[in-house]
K.L.:
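Dropping the structure in here first, questions after.
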Amino acid sequence: MNPIFIDKIEILKLYKRVDTHTHKGIQGHALIIGGSYGKIGAVCLSSKAALKSGCGLVTAFIPKCGYEIVQISIPEVMVLTDVQEKFISNITFDIKPQAIGIGPGIGQEVATQTAFHEFLKTNKTPLVIDADALNILSQNKSWLSLLHPKTIITPHPKELERLIGKWNSEPEKIEKTITFSKQYHLIIVMKGAPTHIIDGDTIYENTTGNAALATAGSGDVLTGMITSLLAQSYEPINAAILGVYLHGLTADIALPETGYQSFVASDVIANIGKAFLSLENKD
Ligand SMILES: NC(=O)C1=CN([C@@H]2O[C@H](COP(=O)(O)OP(=O)(O)OC[C@H]3O[C@@H](n4cnc5c(N)ncnc54)[C@H](O)[C@@H]3O)[C@@H](O)[C@H]2O)[C@@H](O)CC1
Ligand SMILES: Nc1ncnc2c1ncn2[C@@H]1O[C@H](COP(=O)(O)OP(=O)(O)O)[C@@H](O)[C@H]1O
Ligand SMILES: [Mg+2]
């Protein structure tokens, strides 16, 4: 039950430098599916974080009301819209992304739940599931069997509780999460302080990050980062490990300038570059 600590030594074993001759067409295409009226920001954060984590192309699939918001706030991101104005009701697209992140801001409308179910029945693309998409799964546990092995889920403690039930102690929480991971063959990013990643019987413990991350949207950013790494052909467990490590590192880097209070999710995104650069340093 001893965790493997996610530190720079572990990260350098899996980190892949960018090939000099790469181009956007082979650098990975990430699709972020989410958003609803009032929560388009979650998709903006997630899709910008995906781009800033190195994939070549990012597309956002959102309800119609988010079209101009996403196009204006992040012009580098391509946008596909649902037929509905305020929520997602039918997830269809003719692009071929290498990874999909679903859930930030998606809400729990009945039509969205049905659309998510239909999507899970046919999806074959590596997947990261977060936020309300996890809450929908909690209400429809039979759908968990539709998930492909090595699907990544990123619950915060409340979302985890909705999925696996209550626990009485930290060891029991880990034990129950291991059982859940083995039952559905999932990689579980148990967000918290610190974040643990559970892959069957293997437990990883992150060593970066601080309380500045306790701010709206920081989980949405993490989803974009992990989806981006998955799109860049990292193995799912390595995408989760590297994403969680870099996400925490942004807060460690920014803290001297922002303090705990004024750090916001956009500061995670602004510091992803410095976090990557620290992997190129010798120390
Ligand atoms: N700008 C935006 O558009 C934002 C959209 N968001 C979206 O809003 C939706 C709802 O997400 P929420 O997570 O707010 O709602 P949830 O109802 O899933 O979670 C909030 C509950 O979980 C508890 N909780 C959260 N973190 C915890 C922790 N570390 N330890 C113990 N309890 C904890 C809170 O106390 C609260 O009771 C999601 O779809 C999400 O993606 C949020 O990410 C915030 C920003
Ligand atoms: N006190 C803390 N110390 C370290 N990391 C934290 C702390 N509080 C929150 N985090 C991190 O911030 C992120 C919050 O994610 P989440 O709750 O999903 O936010 P949101 O839904 O608003 O985007 C997680 O990665 C979590 O590990
Ligand atoms: Mg969240």
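Sequence positions, counted from 1, serve as the residue numbers for this chain.
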K.L.:
Got a donor-acceptor contact below 3.5 angstrom from the Thr154 side chain to the Val189 backbone?
P.N.:
no

K.L.:
If we ignore hydrogens and angles and just use 3.5 Å, is the side chain of Gln98 paired with the main-chain N or O of His29 as donor and acceptor?
P.N.:
yes

K.L.:
Can a donor-acceptor pair be found, under 3.5 Å and without considering hydrogens, that links the side chain of Ser46 to the backbone of Asp220?
P.N.:
yes

K.L.:
Quick one: does any side-chain atom of Lys52 pair with a main-chain N or O of Val268 as donor and acceptor, under 3.5 Å?
P.N.:
no

K.L.:
Just verifying a value: how many Å separate Ile11 CD1 and Ile6 CD1, rounded to the nearest 0.5 Å?
P.N.:
6.5 Å

K.L.:
Can you tell me how far the OG1 atom of Thr114 sits from the CD1 atom of Ile91, to the nearest 0.5 Å?
P.N.:
10.5 Å

K.L.:
How long is the straight-line distance from CD of Glu175 back to OG of Ser169, given to the nearest 0.5 Å?
P.N.:
9.5 Å

K.L.:
Lys141: what forms a side-chain contact (heavy atoms from CB on, under 4.5 Å) with it, not counting sequence neighbours?
P.N.:
Leu144

K.L.:
Compare all side-chain heavy atoms of Leu134 with those of Arg162 and state whether any distance is below 4.5 angstrom.
P.N.:
no

K.L.:
Taking the side chain as C-beta and beyond, is there a heavy-atom pair between Asn210 and Asp252 under 4.5 Å?
P.N.:
yes

K.L.:
Determine whether more than 12 heavy atoms belonging to other residues, nucleotides or ligands lie under 6.0 Å from atom CD1 of Ile9.
P.N.:
no

K.L.:
With a 3.5 Å cut-off and no angle check, do the side chains of Gln232 and Ser228 form a donor-acceptor pair?
P.N.:
yes

K.L.:
According to the salt bridge (charged side-chain N to carboxylate O under 4.0 Å, His left out) rule, which pairs have a member within residues 14-35, sequence neighbours left out?
P.N.:
Arg17-Glu280

K.L.:
Determine whether Asn271 and Glu257 make a side-chain contact, defined as any pair of heavy atoms from C-beta on separated by less than 4.5 Å.
P.N.:
no

K.L.:
Any donor and acceptor pair, going by atom type alone, linking the side chain of Lys176 with main-chain N or O of Glu161 inside 3.5 Å?
P.N.:
no

K.L.:
Would you kindly say whether Glu109 and Gln84 are connected by a side-chain donor-acceptor distance under 3.5 Å?
P.N.:
no

K.L.:
Looking at side-chain heavy atoms only, is the closest gap between Leu255 and Phe263 below 4.5 Å?
P.N.:
no

K.L.:
With Glu10, which residues qualify under side-chain contact (heavy atoms from CB on, under 4.5 Å), at least two apart?
P.N.:
Ile4, Asp7, Lys13

K.L.:
Once side-chain contact (heavy atoms from CB on, under 4.5 Å) is applied, do any residues pair with Leu14, and if so which ones, sequence neighbours excluded?
P.N.:
Tyr234, Asn238, Ile241, Leu242

K.L.:
So, using side-chain contact (heavy atoms from CB on, under 4.5 Å) as the criterion, who are the partners of Thr81 when residues are at least two apart?
P.N.:
Ile62, Lys64, Tyr67, Val79

K.L.:
Can you confirm whether Gln108 is buried at CD, in the sense that more than 12 heavy atoms of other residues, nucleotides or ligands lie under 6.0 Å from that atom?
P.N.:
yes

K.L.:
According to ring pair (Phe, Tyr, Trp, His ring centres under 6.0 Å), does anything in residues 113-150 pair up with another residue at least two apart or in another chain? List the pairs.
P.N.:
His117-Trp143

K.L.:
Is there side-chain contact between Ile203 and Thr177, with heavy atoms separated by less than 4.5 Å?
P.N.:
no

K.L.:
State yes or no: do Leu45 and Val264 share one hydrophobic cluster built from I, L, V, M, F, W and Y residues joined by side-chain heavy-atom distances below 4.5 Å, directly or via other members?
P.N.:
no

K.L.:
Distance alone, cut at 3.5 Å: any donor-acceptor contact between the side chains of Ser89 and Asp82?
P.N.:
yes

K.L.:
For Lys48, look at atom NZ and say whether over 12 heavy atoms of other residues, nucleotides or ligands are found less than 6.0 Å away.
P.N.:
no

K.L.:
Can you list every pair that meets ring pair (Phe, Tyr, Trp, His ring centres under 6.0 Å) and has a residue in residues 149-197, with sequence neighbours left out?
P.N.:
Phe180-Tyr184

K.L.:
Using modelled atom types and a 3.5 Å cut-off, is there a donor and acceptor pairing between side-chain atoms of Ser36 and backbone atoms of Lys39?
P.N.:
no

K.L.:
Any salt bridge (charged side-chain N to carboxylate O under 4.0 Å, His left out) involving residues 199-216? Give me the pairs, sequence neighbours left out, ordered by first then second residue.
P.N.:
Lys150-Asp199, Lys182-Asp201

K.L.:
Between Ser218 and Ala265, is there a donor-acceptor pair closer than 3.5 Å when you use the side chain of the first and the backbone of the second?
P.N.:
no

K.L.:
Start with the C-alpha gap between Leu137 and Leu147, add the side-chain angles, then the distance that decides, and say whether side chain to side chain contact (heavy atoms under 4.5 Å, CB included) holds.
P.N.:
CA-CA 10 Å; Leu137 281 177; Leu147 304 180; 4.2 Å; yes

K.L.:
Using the rule that two of Ile, Leu, Val, Met, Phe, Trp, Tyr join whenever any of their side-chain heavy atoms come within less than 4.5 Å, decide whether Leu230 and Ile102 are in one cluster.
P.N.:
no

K.L.:
Please report the interatomic distance CD(Glu118) to CG(Asn123), rounded to the nearest 0.5 Å.
P.N.:
12.5 Å

K.L.:
Checking Gln71 side chain against Val77 main chain: does a donor-acceptor pair fall under 3.5 Å?
P.N.:
yes

K.L.:
Is atom OH of Tyr37 surrounded by more than 12 heavy atoms (other residues, nucleotides or ligands) closer than 6.0 Å?
P.N.:
no

K.L.:
Take atom CD in Gln139; do more than 12 heavy atoms of anything else shown fall under 6.0 Å from it?
P.N.:
yes

K.L.:
Calculate, to the nearest 0.5 Å, the distance between atoms CD1 and CD1 belonging to Ile106 and Ile32 respectively.
P.N.:
11.0 Å

K.L.:
Should side-chain heavy atoms under 4.5 Å link Ile, Leu, Val, Met, Phe, Trp and Tyr, which residues sit in the same cluster as Val18?
P.N.:
none

K.L.:
Ignoring hydrogens, what is the shortest heavy-atom contact between Pro256 and Ile253? Give both atom names and the distance.
P.N.:
CD-O, 3.2 Å

K.L.:
Is Val110 isolated, or which residues cluster with it under the ILVMFWY side-chain rule of less than 4.5 Å, directly or via members?
P.N.:
none

K.L.:
Any donor and acceptor pair, going by atom type alone, linking the side chain of Thr151 with main-chain N or O of Leu186 inside 3.5 Å?
P.N.:
no

K.L.:
Under 4.5 Å side-chain heavy-atom separation, chaining through any Ile, Leu, Val, Met, Phe, Trp or Tyr, what else clusters with Leu277? Say none if it is isolated.
P.N.:
none

K.L.:
Please round to the nearest 0.5 Å and tell me the distance separating atom CD1 of Ile95 and atom CG of Leu31.
P.N.:
4.5 Å

K.L.:
If the condition is side chain to side chain donor-acceptor pair (under 3.5 Å), which residues does Lys173 pass it with, not counting sequence neighbours?
P.N.:
none

K.L.:
Got His247 and Ile226 here, is their nearest side-chain heavy-atom distance under 4.5 Å?
P.N.:
no

